[in-house]
Amino acid sequence: MPHLAIEYSANLEGRADIGALCERLLKTVLETGLFEIGAVRVRAFRADHFAIADKLPENAFIDLNFRIGKGRTDEEKKRAGEAIFAAAIDVLGPLFETPHFALSLEIREIDSELSWKKNAIHPRLRGK
């Protein structure tokens, strides 16, 4: 169930490699060892309309929303969050050289009784 959604302001086009960010964050999530490969999703959504802080046109943001199923300790969730946040900062480093960029990450646990899934990828990756 680990789904990492990246929402970013449209003015980052040409300033940030969102594809590389997706790839790096997928790798980082898997490297935590907390999630099964067949369940991990990383996807990005461009926000064409936004208003940030003092509305300077160069203001930009990336918001990371990491939804996971229950079953991990607080320490494991914190370790995963720190790894994901550090990887994002590494990829996005140049954006922090100006006073116009904001990055955020939130981890949300999904209630399994209110979540439905059917995944044909799992059997293939599990060798079944």
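Worth knowing before you read on, the calculation uses all heavy atoms, side chains too, and leaves out hydrogens, waters and symmetry mates. Counting begins at 1 with the first residue of the sequence.
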Whether over 12 other heavy atoms sit under 6.0 Å from Glu75 CD: no
Side chain Arg126, main chain Arg124, donor-acceptor under 3.5 Å: no
Sequence neighbours excluded, every pair satisfying side-chain hydrogen bond (donor to acceptor under 3.5 Å, both in side chains) that has a member inside residues 78-99: Arg24-Asp90
Qualifying residues under side-chain contact (heavy atoms from CB on, under 4.5 Å), relative to Glu7, sequence neighbours excluded: Ala47, Phe61, Asp63
Arg108 CZ to Ile68 CD1 distance, which is reported to the nearest 0.5 Å: 12.0 Å
Residue pair Leu95 / Leu12, side-chain heavy-atom distance below 4.5 Å: yes
Approximate separation, where rounding is to 0.5 Å, of Leu56 CG and Glu58 CD: 5.0 Å
For Phe101, ring-ring contact (aromatic ring centres under 6.0 Å, His included) partners two or more places apart: Phe96
Where Ile107 and Lys77 come nearest, the two heavy atoms and their spacing: CD1-O, 3.4 Å
Over 12 non-hydrogen atoms of neighbours within 6.0 angstrom of CD in Glu36: yes
Nearest heavy-atom neighbours spanning Ile18 and Ala44: CG2-CB, 3.5 Å
Gly81 versus Leu105, closest heavy-atom pair with distance: O-CD2, 3.3 Å
Derivation of the salt bridge (charged side-chain N to carboxylate O under 4.0 Å, His left out) call for Arg72 and Glu109: CA-CA 10 Å; Arg72 287 154 197 93; Glu109 281 189 323; over 6 Å; no
His3 NE2 to Lys117 NZ distance, which is reported to the nearest 0.5 Å: 7.5 Å
From CG (Asp48) to OG (Ser9), nearest 0.5 Å: 10.5 Å
Atom of Leu92, atom of Ala16 and distance for their closest heavy-atom approach: CD2-CB, 4.1 Å
CD-CG distance between Glu31 and Leu25, expressed to the nearest 0.5 angstrom: 11.0 Å
More than 12 heavy atoms from other groups under 6.0 Å of CD1 on Ile89: yes
Asn59 (side chain) donor-acceptor with Ala53 (main chain) under 3.5 angstrom: no
Heavy-atom closest contact (Asn11 atom, Ala60 atom, distance): OD1-CB, 3.4 Å
Heavy-atom check, side chain of Val91 versus side chain of Asp17, under 4.5 Å: no
Option from Val42, Ile110, Leu26, Val40 for which side chain to side chain contact (heavy atoms under 4.5 Å, CB included) with Pro2 holds: Val40
Where Phe35 and Leu30 come nearest, the two heavy atoms and their spacing: O-CD2, 4.2 Å
Min side-chain heavy-atom separation Arg46-Tyr8 under 4.5 Å: yes
